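As a basis for the values below, the full set of heavy atoms in this structure was taken, side chains included, without hydrogen atoms, waters or symmetry mates. Here the structure is a predicted model, which means the values were calculated and not measured.
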Amino acid sequence: MDQQDRVAAFLDEHDLDAPLAYRLLDLQSEVGELAKEATVSTDYGAEPAAIDLASDEVGDALFALLSVAEAADVDADAALAESMEKYDRRIAETGDAGSGA
């Protein structure tokens with residue numbers, strides 16, 4: 001069972017069905033919590049090497065992202081593979097992973 005399937009089973013088992021819009025808001029909230037941890041642990045960026053993110057908070061963001069994928073009927077593994085191929089292609093073509101947009 002892959003991670004998306006584990007999240008889907010958990011959501012189903014605990015009757016945590018929610019619309020995609022709610023899942024997106026939850027993801028934004030979880031990523032915001034990571035940003036807050038980064039902000040506080042680096043003294044608002046003054047000490048970037050001091051960054052400290054709790055692994056359970058990273059896990060919360062991953063859970064929320066996989067919940068988004070599930071609600072959007074997107075295979076997270078396939079989406080990641082597609083994204084990695086895109087970055088490989090960009091690096092091969094331009095020497096940079098960024099989109100330039």
Q: Test side-chain contact (heavy atoms from CB on, under 4.5 Å) on Ile91 and Asp96 and set out the steps.
A: CA-CA 5 Å; Ile91 291 169; Asp96 190 291; over 6 Å; no

If you look only at pairs with a residue in [range], which of them pass as a side-chain hydrogen bond (donor to acceptor under 3.5 Å, both in side chains), with sequence neighbours excluded?
range	answer
residues 19-40	none
residues 49-65	none
residues 10-19	none
residues 70-92	Gln4-Glu70

Which pair of heavy atoms, one from [X] and one from [Y], lies closest together, and at what distance?
X	Y	value
Ala64	Leu27	CB-CA, 3.7 Å
Leu11	Ser67	CD1-OG, 3.7 Å
Leu34	Ala61	CD1-CB, 3.8 Å

Q. Apart from Leu80 itself, what residues make up its hydrophobic cluster when side-chain heavy atoms of I, L, V, M, F, W and Y under 4.5 Å apart count as a link, directly or indirectly?
A. Met84

(Q) Is there a continuous path of hydrophobic side-chain contacts, each under 4.5 Å between heavy atoms, that joins Leu66 to Leu16? (A) yes

Q: Examine Val7 and Leu62 and state if one hydrophobic cluster contains both, with Ile, Leu, Val, Met, Phe, Trp and Tyr joined whenever side-chain heavy atoms are less than 4.5 Å apart.
A: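 Result: no, two separate clusters.
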
**Q.** Pairs flagged by ring pair (Phe, Tyr, Trp, His ring centres under 6.0 Å) wherever residues 55-79 is involved - sequence neighbours left out
**A.** Phe10-Phe63

Q. Counting distance only, does the side-chain N/O of Asp2 pair as donor-acceptor with the main-chain N or O of Asp5 below 3.5 Å?
A.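 Confirmed, Asp2 side chain pairs with Asp5 backbone.
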
